[in-house]
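Read the structure below first, then the notes.
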Amino acid sequence: MERYEPQAIEKKWQQRWKNEELFKVTEDPCRSKFYYLDMFPYPSGELHMGHMRNYIIGDVLSRYMRMKGFNVLHPMGYDAFGLPAENAAIQYGYHPRDWVEQCICRMRSQFDMLGISYDWSREIRTCAPDYYRWNQWLFLKMYERGLAYRQPAPVNWCPNCETTLADEEVVDGRCWRCGTLVIKKWLEQWFLRTTAYAERLLQDLDQLVHWPERVRIMQRNWIGKSHGVEFTFAVDGMDETIPVFTTRIDTVYGVTFVALAPENPLVPKLIARSPRRRELEEGVTRLLQESPEERTSEEAQKRGVFLDVFAIHPLTGERVPIWSADYVLMEYGTGAIMAVPAHDQRDLEFARQYNLPVRVVIIPPGGSLDPESMTQAYVEPGIMVNAGPFTGMDSPSAAEAIADLMEQKAIGRRKVQYRLRDWLISRQRYWGTPIPVIYCDRCGIVPVPDDQLPVLLPAHIRITGKGGAPLSQVPEFVNTTCYSCGGTAKRETDTMSTFVDSSWYFLRFCDPQNAEDIFDPEKVNYWMPVDQYVGGIEHAVGHLMYSRFITKFLYDLGLIGFQEPFVRLFTQGMIYHESYWCPRCRVYRRPRDVVRKTEDGKTVVTCPVCQSPVAITLDKMSKSKLNVVTPEEICAGYGADTGRLFILFIGPPEQDAEWTSSGVEGPFRFLTRLWRLVLSNKDRFVSDWRERLPSLKILLSGPERDLRRRLHQTVKAVTEDINDFHFNTAVASLMEFLNSFQDFIEESDRKEERSRVVYSEAVDTLIRLLHPFAPHIADELFSWHGGQGSLICQPWPEADMDALEAEMQTIVVQVNGKVRARITVPVGYDEEKLKERALQEPNVRAHLGGKTVVRTIIVPNKLINFVVN
RNA sequence: GGGCGGGUGGCGGAACCUGGUAGACGCGCUGGACUUAGGAUCCAGUGGUGAUGAGCCGUGCGGGUUCAAAUCCCGCCCCGCCCACCA
């Protein structure tokens with residue numbers, strides 16, 4: 001084999017790894033375990049190099065940890081339920097199961113062609129009954145403990161997907177999948193009580209010291225804990241009370257109105273007796289019909305309706321008007337607020353809009369506020385004014401005193417409020433886990449008994465995506481008998497959000513084929529927690545929060561011995577690529593289809609159909625923009641190893657990066673040069689170099705000594721870089737070493753003994769270092785020198801400290817901090833002598849210009865600086 | 001409005017943690033060699049300004065600390081992302 005033809009060797013090695021079941025692992029108490037996990041993909045199409053960044057990073061780390069001697073669990077599966085598959089199936093007329101099967105097939109071959117070292121014996125598909133039955137089991141366990149419940153509530157509804165969505169699935173008021181504006185619907189739905197775990201989910205964030213700070217901050221904000229007081233307003237002349245929550249009880253004397261969310265069930269009751277009832281109802285309906293943008297944008301003008309009733313201020317007895325206002329949210333707190341325009345910006349804006357009074361009760365120390373003219377609410381602490389017995393106090397103390405008073409008088413009580421809401425898991429779609437309950441006319445909600453699990457998804461069904469829950473249209477599924485009384489009953493026809501599936505799959509990987517239980521706790525406790533988890537930032541509050549929640553629940557069941565699933569988390573950046581939009585044809589063009597011409601030294605890119613210039617933009621790789629680069633293309637053109645190296649070399653893995661077709665050339669040339677170097681020096685290699693090196697290494701000088709120093713610097717650098725996730729600089733170090741290695745080949749004598757031993761050490765070490773990054777070529781080159789099997793089973797090299805020490809050192813000579821010369825002296829050179837030599841440098845003398853040296857600073861082995869005035 | 005990143009050659013990025021040779025590595029570009037040919041390979045060069053050498057300038061802007069600042073501190077500008085009527 002003369003030329004480097006990756007396609008020829010890569011298939012061969014992939015086959016060997018597979019035959020030898022190299023990546024298959026089992027529990028081994030004698031070895032330290034390392035559980036590396038990639039976020040598993042949706043099988044909704046094919047994978048592109050942007051997705052592959054995640055898996056390649058994981059493969060480097062897994063292979064590296066294997067070589068370091070760890071028992072590495074590196075599994076992969078498919079998050080196979082869900083809307084993408086269902087929608088694609090509808091679109092192309094497939095059954096989702098078949099569609100998913102096709103995608104999985106394709107994706108599997110893509111993982112394989114890049115040489116990713118998964119233990120495929122542990123593969124999971126969430127759409128398989130032996131997986132989703134445990135979703136149902138988990139649900140029932142939660143139901144038993146009151147953590148799963150069904151309740152009518154205003155929920156997010158995507159009119160396009162015709163299903164409800166969790167709060168975490170609504171992005172900027174739109175459906176995360178299709179971008180349709182989400183509306184609120186009042187529906188009876190299944191929830192999991194995440195709020196019961198709010199405090200623990202918050203507290204335990206402090207343990208996650210190896211998580212990116214921003215993910216922890218996002219979760220903290222999402223949980224949104226705040227301390228305040230909940231108290232009630234009586235309604236004047238009615239037997240109703242309005243509870244409100246506030247974090248600013250110190251401003252309570254400034255209340256000039258009370259406001260209710262338009263959805264608040266109290267609203268109809270309050271207006272029932274008004275003579276203007278009709279008119280008020282219409283007003284409230286208008287508020288309810290506002291679009292999410294009108295409702296939630298801060299710029300939007302606030303709107304409201306006076307409900308024609310008054311509330312009694314519990315401390316002052318004063319009558320204040322009750323309004324319904326669009327800026328009050330039903331989902332947070334009590335769905336009603338005390339409004340203090342002087343000290344809350346939103347209330348102020350509303351008050352100005354409707355000419356409501358503004359009453360100042362806190363003033364800045366030494367300052368004053370004019371309630372008539374103020375346009376900014378005063379929200380800082382200050383001195384209490386017009387606040388009854390609390391006048392004159394500082395506002396933080398007053399807050400405590402007022403809370404005490406309210407608790408004493410039983411008007412209100414201190415309360416901790418969370419922004420986090422319960423997790424809505426019902427979906428009105430087909431392709432998901434059936435929720436395992438039935439509805440009996442006599443017994444009500446009856447959970448499906450454990451021994452009746454799984455509730456199977458009916459296979460034969462026509463899915464249209466329209467007309468409500470698809471399962472409700474399958475009579476043989478819906479109609480059943482009650483497990484309790486034997487009477488007629490109907491099955492729940494909603495399915496679970498796929499986020500349920502993915503909130504515990506990492507546990508199932510530890511024991512994927514268990515037919516008796518969700519998992520064997522012993523196996524889970526061996527492998528878990530996941531030591532390193534890698535995936536996209538988009539899961540910061542959804543999946544990562546749900547997984548923490550389910551883990552804590554299983555801990556409480558006594559099934560597992562840990563409370564946090566993921567010790568280390570790394571979020572990788574997206575891969576961008578040029579996309580070409582033809583404004584005339586109004587379509588995207590594939591990069592390989594556009595016509596590139598050079599005119600006057602400038603490249604002009606035109607549409608292949610209409611010849612007009614195309615608009616070039618940088619976008620995330622995506623099917624719709626036709627700008628994906630597939631593993632197939634890369635493997636066919638350059639080979640998997642080049643593709644892997646390039647995606648790692650492209651930039652820091654946590655940052656977004658741009659795929660450039662010319663950039664791939666670099667890693668390819670690197671591998672080609674390595675190939676040629678090893679090939680043309682095969683005869684230099686001595687297989688017993690390990691035995692011969694110890695007695696020889698102390699005698700080395702010149703090129704041999706330099707090469708060893710560079711080699712072991714590289715070992716050190718690459719090792720540290722992998723540990724720190726600096727894969728880009730790790731690859732750069734390998735390239736740098738190859739450059740030095742080539743110089744060495746030219747300088748050294750190929751027949752000489754020492755040179756051959758040093759060569760052998762270098763080439764052997766280099767390909768070991770290369771293995772996690774480019775495993776195929778590394779294993780191939782290893783075999784050329786008589787290496788047996790794959791390098792993944794070989795030890796990772798260790799840096800030889802002796803080799804790192806240099807004999808000579810370049811010292812920088814500065815005058816007043818500016819570099820004026822560089823001199824080379826032996827390491828540890830006498831400081832006085834160094835000074836003397838430095839002063840003799842012509843350029844240094846020129847800059848000293850006869851002035852007196854007032855100070856000399858020497859940084860050992862680095863620098864000497866003369867300070868003159 | 002709040003939070004988090006980031007600003008370094010023609011480009012992607014090193015060096016920032018721990019102040020001490022700015023521009024590693026790669027792409028691109030320029031010149032050369034070998035060639036029927038080169039989009040292969042090899043050699044040389046490549047921050048700006050100097051004919052060359054020396055020098056001078058140079059890490060978004062303005063200050064500061066220091067013998068010495070891309071790096072630390074203060075103030076500002078710009079870009080990106082995320083969150084946001086959460087009472």
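What you see below is based on every heavy atom in this structure, not just the backbone, and it leaves out hydrogens, waters and symmetry mates. Lettering follows sequence order; numbering is per chain, from 1. Here the structure is a predicted model, which is why all the values come from computation and not from measurement.
Distance Phe670(A) CZ to U41(B) P: 15 Å, rounded to the nearest Å. Atom CD1 in Ile864(A) sits roughly 16 Å away from atom P in A68(B) (whole-Å rounding). When rounded to the nearest whole Å, the span between NZ of Lys225(A) and C1' of C86(B) equals 16 Å. Rounded to an integer number of Å, the gap from Gln655(A) CD to A14(B) C1' is 12 Å. Protein atom CZ of Arg216(A) is 19 Å distant from nucleotide atom P of C83(B), rounded to whole Å. Counting to the nearest Å, the P atom of C4(B) and the CD atom of Gln219(A) are 17 Å from each other. In this structure, the CE atom of Met218(A) is 18 Å from the P atom of C86(B), given to the nearest Å. For the pair Gln742(A) CD and C43(B) P, the computed distance is 7 Å after rounding to whole Å.
In this structure, Arg419(A) is positioned above the aromatic face of Trp222(A), its NZ or CZ under 6.0 Å from the six-membered ring centre and within 45° of the axis.
Looking at which nucleotide of RNA chain B each of Phe866(A) and Ala657(A) is closest to, the 5′-most match is held by Ala657(A). In this structure, Val867(A) and Glu746(A) both approach RNA chain B, and ranking their closest nucleotides by distance from the 5' end singles out Glu746(A).
Each side chain to side chain donor-acceptor pair (under 3.5 Å) pair with one or both residues in residues 646-666 of chain A, not counting sequence neighbours, appears once here: Tyr638(A)-Glu665(A). For residues 725-747 of chain A, the set of pairs meeting the side chain to side chain donor-acceptor pair (under 3.5 Å) definition, not counting sequence neighbours, comprises Arg673(A)-Asn739(A), Arg673(A)-Gln742(A), Asp721(A)-Thr729(A). Evaluation of the side chain to side chain donor-acceptor pair (under 3.5 Å) test over residues 243-261 of chain A, restricted to residues two or more places apart or in two chains, returns Arg248(A)-Asp250(A).
Distance from the side chain of Arg421(A) is smallest to C86(B) among C86(B), C67(B), A87(B). Listed nucleotides C85(B), A54(B), C86(B) differ in distance to Tyr332(A); the shortest reach to its side chain belongs to C86(B). Comparing atom distances between the Pro652(A) side chain and each of C85(B), A14(B), C4(B) picks out A14(B) as nearest. Considering only side-chain atoms of Arg820(A), the nucleotide from C56(B), A87(B), C86(B) that sits closest is C56(B). Listed candidates were C42(B), C82(B), A87(B). Nearest to the side chain of Arg676(A) is C42(B).
Shown here, G50(B) is classed syn by the O4'-C1'-N9-C4 or O4'-C1'-N1-C2 angle, which is within 90° of 0. In textbook terms, a nucleotide whose glycosidic angle is within 90° of 0 is syn, while G38(B), being further out, is anti.
Listed by first residue number, the stems of RNA chain B with at least three Watson-Crick or G-U pairs below 3.5 Å are B:1-7 with B:77-83, B:10-12 with B:25-27, B:28-33 with B:41-46, B:47-49 with B:55-57, B:60-64 with B:72-76.
The separation of U21(B) from A14(B), taken at their C1' atoms, amounts to 14 Å, rounded to a whole angstrom. For the C1' atom pair drawn from C74(B) and G26(B), the interatomic distance equals 38 Å after rounding to whole Å. Atom C1' of A44(B) sits at a distance of 40 Å from the matching atom of G80(B), rounded to the whole Å. The gap from the C1' atom of G12(B) to that of G6(B) amounts to 15 Å, rounded to the nearest Å. Nucleotides G19(B) and C73(B) place their P atoms 11 Å apart, quoted to the nearest Å. U46(B) sits 12 Å from C25(B) when the P atoms are compared, rounded to a whole Å. Taking the P atoms as reference points, A84(B) lies 23 Å from C79(B), given to the whole Å. With P as the reference atom, G5(B) and C57(B) are 34 Å apart, rounded to whole Å.
Partners of Phe570(A) by ring-ring contact (aromatic ring centres under 6.0 Å, His included), not counting sequence neighbours, listed by chain and number: Phe725(A). Considering only residues two or more places apart in sequence or on other chains, His543(A) meets the ring-ring contact (aromatic ring centres under 6.0 Å, His included) condition with Tyr533(A), His539(A). Val854(A) is linked by a side chain to side chain contact (heavy atoms under 4.5 Å, CB included) to Val867(A), Asn869(A), counting only residues two or more places apart in sequence or in another chain. Among residues two or more places apart in sequence or in another chain, the side chain to side chain contact (heavy atoms under 4.5 Å, CB included) test is passed with Val595(A) by Lys597(A), Thr606(A), Pro608(A). Under the ring-ring contact (aromatic ring centres under 6.0 Å, His included) criterion, Phe670(A) pairs with no residue, sequence neighbours left out. Under the rule for a ring-ring contact (aromatic ring centres under 6.0 Å, His included), the partners of Phe350(A) that lie at least two apart in sequence or sit in another chain are Phe257(A), Trp323(A), Tyr327(A), Tyr354(A).
Ring geometry for Phe773(A) versus Phe727(A): interplanar angle over 60°, hence perpendicular rather than tilted (30 to 60°).
Comment: Glu349(A) does not engage Arg352(A) in a salt bridge, judged by the lack of any side-chain N to carboxylate O separation of less than 4.0 angstrom. Under 4.0 Å is where a charged nitrogen must lie from a carboxylate oxygen, and between Asp206(A) and Arg220(A) at least one such pair does.
An OP1 or OP2 oxygen of G53(B) is reached within less than 4.0 angstrom by no side-chain nitrogen or oxygen of Asn843(A).
Just one of Val853(A), Val844(A), Ile864(A) meets the side chain to side chain contact (heavy atoms under 4.5 Å, CB included) condition when paired with Val815(A); it is Val844(A).
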Under 3.5 Å, N/O pairs linking protein and nucleotides 27-31 of chain B:
| unit_1 | atom_1 | unit_2 | atom_2 | d |
| --- | --- | --- | --- | --- |
| C27(B) | OP1 | Arg669(A) | NH1 | 2.6 |
| C27(B) | O2' | Ser662(A) | OG | 3.0 |
| G28(B) | OP2 | Arg669(A) | NH1 | 3.4 |

Shorter than 3.5 Å, N or O on both sides, protein versus nucleotides 20-25 of chain B: list them out with atom names.
| unit_1 | atom_1 | unit_2 | atom_2 | d |
| --- | --- | --- | --- | --- |
| G20(B) | N2 | Gln814(A) | OE1 | 3.1 |
| G20(B) | N2 | Asn865(A) | ND2 | 3.3 |
| U21(B) | O2 | Arg822(A) | NE | 2.9 |
| A24(B) | O2' | Glu736(A) | OE1 | 3.2 |
| A24(B) | O2' | Glu736(A) | OE2 | 3.0 |

